[in-house]
Amino acid sequence: MPVQKVNDSSDLDAKVPSHLQRTSITSLTMTSEPSHRCVKATVVHKGPVISCAQKDGIKMLRAEIKEEDPLQRTAEHTSINVIFFGTLAKDFSQSARQGDVVLLADFTIKKSPSFLRDKLHPCQLEMDGQDACVYVCPSAAPSHGPSSSEAKYTYVPLNDLKPKTVVNVYGVVTFFKQPFPSKGSDYCSTLKITDQSDVKVGCNIFSKKLEDHPVIFRVGDIIRLHRFKTDMFRDSMSLLNTFGWSTVTFDGTIDSPVVPRTSSKSFHFGESDIRTVEELRQWAANQSWISKDLTVSLSLVKPGMYFDLTCQLLAKAVMDSRCILLKVWDGTKCQHPLLKVAVASDALEGESTVAKDRMNLTANVLVYDNHLEVARDLKPGTFLQLYNLHALLQRAPDQQPDQPDHLSFHLHGGTSYGRGLRSLPVESPALQSLKSVLEKHVDLDEYDEVNDGTLLEIWYTPPEAVEADTGPSYTVLTCEHNTRRLTLARVKRSTPPLSCHVRARVKKYKPQQLYQCLKLFCSNCKTMEDVPDDSAVAKVFRESAKDNQACDEQWAATSSASSREPGRTISMHISRDMVGESSHMQLIFVEGTTLDEICVLSRDYKNLVPVRSVNGRMTLMDLTAPFLFSGDKRCYGCKQCSVNTFQNPVFTGVETWDEQAVAKALGVQLMQYRLLIQFELEDQTDTLEAVLWENAEKFFHVSAVDASGSQDLQDKIQTVMDTIQPPDSSLEERPLLDLCLSVYTVKDNDRNKVCYQITNTEIKEE
DNA sequence: GCTTAGGATTCG
């Protein structure tokens with residue numbers, strides 16, 4: 001028998017088998033050796049037995065136990081969660097209750113997954129398997145309340161009530177209204193209760209003080225009434241509070257802690273009360289009216305419905321003297337688009353709901369008239385229960401005729417059907433599932449924090465004079481972003497990363513000498529440099545030609561000729577491996593030429609590699625010069641990343657020699673041609689520097705490598721630029737450009753720098 | 001002093 005009952009706490013100690021050692025909960029750590037240890041503590045919470053879907057439906061029960069040793073009163077982590085598995089869960093549920101002292105032996109210690117949330121204990125105990133066992137000592141004393149002796153109260157079943165008597169009763173709440181001002185001097189609570197007799201009794205409670213009224217959260221709550229007067233009204237018994245009255249309420253959830261809710265400073269509460277509450281809970285669970293709980297999640301709300309909502313308040317705003325807007329959520333996504341109620345951000349109290357709005361998670365609740373008294377004092381973050389909320393389809397102000405109507409929520413004036421609202425304490429059992437749903441959205445909060453500024457700008461600020469810039473754009477957007485167009489001023493205020501659209505003109509651009517927009521880029525080390533100009537390259541050739549001793553390589557067949565200059569010999573080398581192959585004329589090594597001469601030669605030969613001689617050995621030139629002339633293309637190698645394997649080049653196994661194949665054979669890291677232009681954009685709100693880089697070839701419809709060898713293509717880029725920004729033009733003369741901008745940060749000397757890059761944009765070609 | 005309300009949809 002894994003769960004055993006004992007009569008006395010001292011028996012518990014006697015039960016401890018001699019090989020077990022008592023351990024304090026405070027001292028438990030992940031590295032504690034659990035075997036042959038036991039803990040003794042009081043059950044402060046016992047959850048229901050549940051089936052765990054992730055673990056093949058195994059039965060589980062969570063309990064919280066607390067060490068009561070007075071010596072440890074100041075110590076942290078005196079409470080710990082215990083998970084019981086399988087039959088242990090069932091046995092524990094039946095044998096132990098809140099307030100009992102238990103002794104747990106041969107548990108396993110696991111990391112607590114809820115520690116961040118409940119701050120209880122970094123570990124949890126798991127009771128599973130053959131060895132684990134539990135001894136339970138039922139508590140003799142009442143587990144709650146200041147009462148020192150068991151009260152001598154008698155409770156009259158509801159079917160035994162006689163008129164004009166003062167009684168104490170217990171009942172389950174089947175209907176209730178939050179306290180409302182009566183026409184007299186007091187607030188009035190109206191409720192209806194029932195018990196195992198199934199007789200329903202109406203009850204009115206009058207009190208000037210709101211806090212003296214019973215704290216009822218939902219149908220199914222259990223209420224205890226002391227000193228209420230009975231009377232007949234419309235053929236039914238009714239109850240009215242009378243002198244010396246008190247009420248105590250309890251949550252109706254089976255197996256939830258029996259915690260009395262009352263404002264009374266002293267009240268009797270004992271073991272018999274716990275039993276009565278548990279019996280009523282058990283009985284009510286099987287009654288059909290209890291299932292008429294009207295609490296519905298947002299995901300299940302249908303238009304026209306009246307329902308109760310358990311939710312969290314995100315933000316609120318006073319609309320007028322008779323209406324307050326509550327922005328709430330319950331973590332579920334509504335099936336209908338939710339009405340967005342725009343409120344000036346300075347009128348809104350609470351967090352921004354922008355990210356949640358976008359995911360259709362925020363319900364806008366309009367609270368009217370008599371409910372303002374409660375709504376006014378609510379603080380964002382509070383958990384709420386809204387009663388008899390009305391879901392209404394409504395047309396948004398800017399809505400197109402073909403779009404669906406939006407769902408709005410009204411808490412109408414009046415108290416019919418218990419209409420009203422109240423805050424729920426965080427520990428309320430009704431909130432447990434809500435809180436776990438909300439926790440799944442923590443990412444959303446982070447997203448909110450990162451992007452809030454940006455999104456707020458986009459959604460809540462009216463357009464700033466962008467309307468003036470209407471007319472055709474010289475560019476088209478190729479993206480599918482559905483973002484609203486922003487002014488440059490607003491883009492500058494945004495928080496990266498972000499993609500957005502702007503409409504602007506080009507005030508200036510760099511480089512003004514457009515051939516300088518051609519760059520060499522190493523995809524390996526990300527180095528970017530200018531394409532060397534001809535004078536620098538020519539100088540490398542001249543220096544290399546000074547070594548007049550021709551190369552003599554075993555692997556090469558050589559032919560030489562005298563140049564026009566005395567003493568300079570031009571040599572051409574071909575790999576012997578390639579002689580006789582179809583590719584043998586595809587790759588020729590040239591020595592002793594000037595830049596001009598190799599350019600002439602490149603008209604007749606596909607791939608020319610300029611080389612020089614160092615002590616008779618063939619070597620690549622300084623990589624300032626192209627390592628390959630391929631038709632009109634000049635190919636450059638990266639000075640950092642090239643590994644010169646020229647000593648033993650391998651030329652076999654290549655069918656077609658292109659720049660990649662040559663670079664590979666020579667151990668050269670090929671550099672790519674890229675286009676880079678820096679624009680200064682301008683609109684009516686601001687100016688902004690944006691680069692055209694990754695998207696540049698698409699923007700101009702020009703390939704960078706082709707442009708490197710083609711004056712026509714370079715002229716084409718110049719023509720585009722002259723159209724975008726005609727020389728000596730005024731702002732109005734320049735064409736409008738629709739641009740997609742990417743806003744991002746780069747590390748610059750350990751500091752984050754915000755960059756703007758034009759993406760997804762092309763020029764229009766007529 | 002010893003009523004008030006005694007359920008039963010707003011109309012924004």
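Labels below follow one simple rule: chain letters A, B, ... track the order of the sequence lines, proteins then strands, and each chain is numbered from 1.
Residue A/Thr415 is the one, among A/Thr415 and A/His410, whose nearest nucleotide of DNA chain B lies closer to the 5' end (criterion: closest heavy atom). Closest-nucleotide positions on DNA chain B for A/Tyr187 and A/His390 were compared, and the one nearer the 5' end corresponds to A/Tyr187.
The nucleotide range of DNA chain B contacted by chain A, defined by atoms under 4.0 angstrom from heavy atoms of the protein and reported 5' to 3', is B/dT3 to B/dG12.
Among the heavy atoms of the strands lying under 4.0 Å from A/Asp369 is at least one base atom, whether or not backbone atoms are also near. A/Arg322 comes within 4.0 angstrom of a nucleotide base, judged by non-hydrogen atoms across all strands.
Checked against side-chain contact (heavy atoms from CB on, under 4.5 Å), A/Thr310 has the following partners two or more places apart in sequence or in another chain: A/Thr295, A/Gln385, A/Leu424, A/Leu431, A/Leu434. Applying the side chain to side chain donor-acceptor pair (under 3.5 Å) rule to A/Ser299 yields the partners A/Ser297; only residues at least two apart in sequence or on another chain are considered. In this view, A/Asp308 satisfies the side chain to side chain donor-acceptor pair (under 3.5 Å) rule with no residue, not counting sequence neighbours. Under the rule for a salt bridge (charged side-chain N to carboxylate O under 4.0 Å, His left out), A/Asp251 has no partner lying at least two apart in sequence or in another chain. Applying the side chain to side chain donor-acceptor pair (under 3.5 Å) test to A/Asp369 and every residue at least two apart in sequence or in another chain returns A/Arg322. A search for salt bridge (charged side-chain N to carboxylate O under 4.0 Å, His left out) contacts involving A/Glu278 returns A/Arg97, not counting sequence neighbours.
Residues of residues 190-209 of chain A having a heavy atom closer than 4.0 Å to DNA chain B, listed by number: A/Thr190, A/Lys192, A/Asn204, A/Phe206.
Counting non-hydrogen atoms of other residues, nucleotides and ligands closer than 6.0 Å to NZ of A/Lys90 gives a total of 12 or fewer.
The P atoms of B/dG6 and B/dC2 are separated by 22 Å, rounded to the nearest whole Å.
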Indicate every side-chain donor-acceptor pair of residues 217-227 of chain A with a distance under 3.5 Å to a residue at least two apart or in another chain.
unit_1   : atom_1 : unit_2   : atom_2 : d
A/Arg218 : NH2    : A/Asp293 : OD2    : 2.8
A/Asp221 : OD2    : A/Phe217 : N      : 2.7
A/Asp221 : OD2    : A/Arg218 : N      : 3.1
A/Asp221 : OD2    : A/Arg261 : NH2    : 2.7
A/Arg224 : NE     : A/His226 : NE2    : 3.3
A/Arg224 : NH1    : A/His268 : O      : 2.7
A/Arg224 : NH1    : A/Asp273 : OD1    : 3.1
A/Arg224 : NH2    : A/His268 : O      : 3.0
A/His226 : NE2    : A/Tyr155 : OH     : 2.7
A/Arg227 : NE     : A/Phe243 : O      : 2.9

